[in-house]
Structures are given as structure tokens and as C-alpha cells.
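Have a look at the structure below before the remarks.
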There are 2 protein chains.
Amino acid sequence: MKDTDDKLTSRNIKPTAMRELVLDILTEQKMAISLSDLEQKFHKSDKVTLYRTLKTFEEKKLIHSIDDGTGAIKYALCKETCQCHPEDLHVHFFCLKCQHTFCLSDIPIPSINLPVNFSVENINMVVKGVCSNCND
Amino acid sequence: MKDTDDKLTSRNIKPTAMRELVLDILTEQKMAISLSDLEQKFHKSDKVTLYRTLKTFEEKKLIHSIDDGTGAIKYALCKETCQCHPEDLHVHFFCLKCQHTFCLSDIPIPSINLPVNFSVENINMVVKGVCSNCND
DNA sequence: GATTAGTTTGCAACTCAGTTGCATAAACTT
DNA sequence: AAGTTTATGCAACTGAGTTGCAAACTAATC
């Protein structure tokens with residue numbers, strides 16, 4: 001638990017039992033998960049608590065959210081150093097076969113030349129296709 | 001109406017009064033609009049009919065949908081030649097001030113080097129920031 | 001260690017976008 | 001005109017996300 005606690009406190013989140021559990025589950029995941037995915041990993045759980053936990057985590061930049069177009073927002077851990085600035089952002093991938101959403105952490109979002117007088121705060125880029133696992 | 005009808009029939013959509021109206025409204029828009037935006041442009045309207053009209057239009061590639069992260073999908077007209085293939089796609093912009101979503105039709109989505117064995121079908125790229133209109 | 005103040009959790013209940021089923025109306029077919 | 005297909009309108013539902021409030025917990029102080 002020590003490790004989990006440190007991760008929380010280093011992001012200025014009070015470590016409660018609930019938050020440790022949620023962070024541990026998120027750490028285990030190889031893919032981004034939604035609020036209801038998370039809910040189903042508990043035998044008995046309250047959606048609202050999990051919802052607020054995720055909100056807190058996101059606010060403190062422990063996790064980031066991905067709108068993959070499925071209608072349910074997905075969440076995944078940020079890297080230690082992540083500040084969720086445009087330069088920290090990476091591409092996400094949604095597999096049309098397995099329906100999973102991955103961080104392509106190594107692929108930064110390419111920069112774009114916007115029209116004059118437009119300023120950027122954030123970019124969401126989701127590639128949809130078939131992942132290597134599902135491509136035979 | 002002749003013009004509107006032609007646009008519909010050329011995309012294999014039977015021109016009904018309802019569809020002509022919806023297409024005309026969509027043509028007038030300078031920005032992408034949601035189902036409820038559309039609904040509000042009618043004095044008396046049925047959400048479901050509009051919903052199905054949009055679905056039909058999208059299926060026939062007369063319009064395309066944009067998930068801008070606001071929770072409501074936006075729709076905008078496709079170009080005449082658009083087949084909604086990856087090479088037809090462009091970047092979208094969501095203004096955090098005026099809350100409007102625009103097509104940046106001239107900015108194609110940059111191509112990405114995906115990891116080995118990943119294949120692409122579609123890409124959604126939404127830049128959030130402040131548009132030229134709102135940047136003083 | 002009891003008292004208080006602040007934070008977190010759990011429950012109920014709600015909003016809002018999107019969706020389905022079914023019955024009526026309109027448009028095509030022969 | 002009768003029958004078939006397609007489009008429209010209404011009611012009702014789903015599912016994600018959200019808010020308010022009260023109970024439980026935590027931390028800080030006496």
C-alpha cells in the first residue's frame with residue numbers, strides 16, 4: 001500500500017481505502033476503462049463514489065480521460081511526469097474488434113497549423129481500427 | 001427546392017419535405033450542430049424523426065458526425081466529393097469560449113505511424129482552444 | 001479521549017442524449 | 001384502388017453522467 005499511498009499523496013490526494021483500491025485497479029489495467037467497467041470490478045460498489053474518485057484523480061492529473069466515441073469516457077493512468085499539457089498528450093487507439101481503448105503513449109499528437117488567431121488548449125485524437133492483437 | 005432535392009437524390013436519399021427542411025437548415029449553418037440544436041430550430045418537431053433523418057444522412061455520407069467531447073454529437077455537411085474515408089477527413093475545432101464546433105475543412109488529419117500490425121479505419125481529431133472570433 | 005470542523009462516502013433521485021417499438025400516415029407498385 | 005414499402009410521430013426506455021443531502025469517517029484542537 002505504501003507505494004500506492006505515495007502516488008496519491010505526491011499528487012495531493014488524500015489516501016483513503018477507496019482511493020487506494022481504485023488506483024490499484026487502474027494500475028493493473030492494460031487498457032483504458034470506463035466508470036461502469038470500474039464499477040463491475042467491485043462486488044459491492046457505489047457508482048457515485050467511483051465517479052467522484054475518478055474526477056478527483058483526473059483533476060489532480062493522476063489519470064487522464066479519453067473520449068473514444070463509444071459514449072462512455074475511458075480513463076487511464078498518466079505518466080509520472082505528465083502535466084496533461086498539449087506536449088504531454090499522446091494518441092489513443094480504439095479497436096473495432098475487441099472494443100478496447102489503448103494509450104499509444106509513445107505516439108505524440110502531431111502538431112497542427114491552425115488558422116490565424118486560433119489558440120490551442122487541448123487535443124483529442126482517437127484512431128479507430130484493428131489492433132495488433134485482433135489482426136490475426 | 002430543386003437544388004436540395006438533387007443533393008438528396010444524388011446521395012440516394014428519398015427527398016421528403018422533412019428531409020429537405022433538415023438539409024436546408026444544415027446548409028445554412030456555419031458550425032456543426034447537435035440533434036437538440038436542430039430540434040430547437042423547429043417550432044414543432046419530433047426529436048426521433050430528426051434523429052433518424054440525421055442517421056440516414058450520415059449513413060449516406062451527406063453529413064458527418066463529430067464527437068467534440070461535450071456529450072452531444074455534432075453534425076456538419078460533407079463536401080460533395082466526400083466518401084468519409086480517412087483521406088477525406090479533416091480536423092475539427094471546439095472553441096472553449098463560444099462553445100461552437102467548426103470543421104477545419106482545409107486541415108487534413110496528419111497521418112500517424114501506428115505500431116506494427118495496427119490498421120486504421122477512421123480518425124477523430126478535435127482541437128480545443130479559442131477561435132479567431134473569440135480571440136479578441 | 002471527547003469535541004468540533006472538514007472531508008469522503010453512500011443512497012436516492014434526476015438530467016439529458018440517444019434509442020427502440022409500435023401505430024399511423026405517406027409514397028410508391030402493380 | 002388494393003397492397004406493399006417507407007417515413008413519421010408518439011410513448012416509453014436505456015445508460016452515462018450528475019447533484020443534493022445525510023451518515024461515516026478523518027484530522028485537528030482542546
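Naming convention: chains lettered A, B, ... in sequence-line order (proteins, then strands); numbering from 1 in each chain. Basis for what follows: all heavy atoms, side chains included, without hydrogens, waters or symmetry-related copies.
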Distance in angstrom units between B:Ile33 CD1 and C:dG18 P, rounded: 12 Å
List the atom pairs, donor and acceptor, that lie under 3.5 Å between side-chain atoms in residues 9-16 of chain A and the rest of the protein, sequence neighbours left out.
residue : atom : partner : partner atom : Å
A:Thr9  : OG1  : A:Asp5  : O            : 2.9
A:Thr9  : OG1  : A:Asp6  : O            : 3.1
A:Ser10 : OG   : A:Asp6  : O            : 3.3
A:Ser10 : OG   : A:Lys7  : O            : 3.0
A:Arg11 : NH1  : A:Lys61 : O            : 3.3
A:Arg11 : NH1  : A:Cys82 : O            : 3.2
A:Arg11 : NH2  : A:Lys61 : O            : 3.3
A:Arg11 : NH2  : A:Lys79 : O            : 3.3
A:Arg11 : NH2  : A:Glu80 : O            : 2.9
A:Arg11 : NH2  : A:Cys82 : O            : 3.3
A:Thr16 : OG1  : A:Arg19 : N            : 3.3

Under 4.5 Å side-chain linkage, directly or through intermediates, the cluster mates of A:Ile66: A:Phe94, A:Leu96, A:Val126
Contacts of B:Lys47 that satisfy side chain to side chain contact (heavy atoms under 4.5 Å, CB included) - sequence neighbours left out: B:Leu35, B:Glu39
Minimum heavy-atom distance A:Val22-A:Leu38, with the two atoms named: CG1-CD2, 4.0 Å
Which residues share a side chain to side chain contact (heavy atoms under 4.5 Å, CB included) with B:Ser65, sequence neighbours left out: B:Glu58, B:Ile73, B:Tyr75
Hydrophobic cluster (4.5 angstrom, side-chain heavy atoms) - remaining members for A:Val48: none
Interatomic distance, B:Asp46 CG vs C:dT20 C1' [rounded to whole Å]: 13 Å
Using atom types as modelled, flag every donor-acceptor pair under 3.5 Å from a side chain in residues 100-123 of chain B to any protein atom, sequence neighbours excluded.
residue  : atom : partner  : partner atom : Å
B:Thr101 : OG1  : B:Asp68  : OD2          : 2.6
B:Ser119 : OG   : A:Asn135 : ND2          : 3.2

DNA chain C contacts made by residues 34-44 of chain B, counting heavy atoms under 4.0 Å: B:Leu35, B:Ser36
Value in whole Å for how far the C1' atom of D:dT6 lies from CD1 of B:Ile13: 14 Å
By ring pair (Phe, Tyr, Trp, His ring centres under 6.0 Å) - contacts of A:Phe57 (at least two apart): none
Partners meeting ring pair (Phe, Tyr, Trp, His ring centres under 6.0 Å) with B:His64 (sequence neighbours left out): B:His90, B:His92
With B:Asp37 via side chain to side chain contact (heavy atoms under 4.5 Å, CB included) - residues at least two apart: B:Ile33, B:Ser34, B:Lys74
Is there any protein nitrogen or oxygen under 3.5 Å from a nitrogen or oxygen in nucleotides 24-30 of chain C, and what are the pairs?
none

Nucleotide D:dT18, atom C1' - distance to NZ of A:Lys47 in whole Å: 8 Å
Proximal nucleotide (of C:dG10, D:dT8, D:dA16) relative to the A:Ala72 side chain: D:dA16
Between P of C:dT9 and CG of A:Leu21, the distance in whole Å: 10 Å
Minimum heavy-atom distance B:Cys131-B:Cys95, with the two atoms named: N-SG, 3.4 Å
Residues within residues 50-70 of chain B bordering DNA chain C, heavy-atom distance below 4.0 Å: B:Tyr51, B:Arg52, B:Lys55
Nearest-nucleotide pick for B:Val48, side chain only, options being D:dA7, C:dT9, C:dT19: C:dT19
